[in-house]
Amino acid sequence: MADLIVALDLASADEALAMVDQLPDLEWAKIGPVLFVREGPAVVRGLKQRGIKVFLDLKWYDIPSTVAGAVAAAADQGIDLATVHSLGGQQMLEAAVKACGTTKLVAVTVLTSYSSERYWNTVGRESVTDLGPEVSRLARMAVGAGVHGVVTSVLEVAGVRSALGPEPWIVTPGIRPAGADSGDQQRTADPGAAVRAGATHLVVGRPITRAESPDEVYKSIKQEMRQAR
Ligand code: C5P
């Protein structure tokens, strides 16, 4: 059964914890850079005290010793899952894995905000329309370096799953239940499609946190995930 991770992209720790308290069955929460830079480890402690698993999504990309230090600090705080960036390279990923203790690591592949043209311009190669093979290449490199899985756009999950085989975690954002507002997400799929494509962890933010009844939406997404098996 895939897990549902709620992205707490809210303005303060108070708001984030008030949201969590409306979700009695919540198992996983994601903290991103905005909330973490504002509130720091206090918000992590608030979640851990409530028995919620914490996904710290700061997408580390730096020299290996600095990333290893950040990962070790996350492990010390009991963070359950954190992101590193695959473009930091094999050496950086291996250093992160060495430092992670019981914290699991997933590697970001190609940011979904990239068009293929902008991506190839950035890495200095001729433009290729399809980014799928590049996403799979980075995913294989990252998993080869020892991370537990990757983060990828929901439209690339099936290709990455076939490149990686059954074991590695695949975490995917851009999930929208049928009829939900896609907001600023361009490439979306519904929860059932993401699970069937091979995702192990679905990240959903605003469709839950901006709902009139967050708990009802949370439960209906979980139900759809169960039925998609
Ligand atoms: O509100 P929504 O469901 O769009 O939230 C998706 C979450 O996943 C946000 O926290 C966003 O930062 C994150 N994310 C994303 N696309 C990526 C990487 C992370 O939407 N490529």
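First listed ligand is number 1; within each ligand, the first listed atom is number 1. All residue numbers in this chain count up from 1 along the given sequence.
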Original post:
So, Lys98 side chain and Ala68 main chain: donor-acceptor pair closer than 3.5 Å or not?
Top reply: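 No.
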Original post:
Residues in ring pair (Phe, Tyr, Trp, His ring centres under 6.0 Å) with His148, at least two apart?
Top reply: none
**OP:** Kindly work out whether a path of hydrophobic side-chain contacts (I/L/V/M/F/W/Y, heavy atoms less than 4.5 Å apart) joins Val34 to Val203.
**Re:**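 No; Val203 is not reachable from Val34 via cluster members.
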**OP:** Taking only heavy atoms of the protein into account, state which residues are under 4.0 angstrom from an atom of ligand 1, in chain and number order.
**Re:**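 Under the 4.0 Å cut-off, ligand 1 touches Ala7, Asp9, Lys30, Lys59, Thr112, Pro173, Arg176, Gln185, Val203, Val204, Gly205, Arg206, Pro207.
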Original post:
Hey, is CZ on Arg118 packed in by over 12 heavy atoms from elsewhere, all under 6.0 Å?
Top reply: no
**OP:** State which residues pass side-chain contact (heavy atoms from CB on, under 4.5 Å) with Lys222; sequence neighbours excluded, sorted by chain then number.
**Re:** Met1, Leu4, Glu27, Tyr218, Arg226
Distance-only donor-acceptor hits, side chain of residues 134-146, under 3.5 Å, sequence neighbours excluded:
| from | atom 1 | to | atom 2 | distance (Å) |
| --- | --- | --- | --- | --- |
| Glu134 | OE1 | Arg137 | NE | 3.0 |
| Glu134 | OE2 | Tyr119 | OH | 2.6 |
| Glu134 | OE2 | Arg137 | NH2 | 3.1 |
| Ser136 | OG | Gly132 | O | 3.4 |

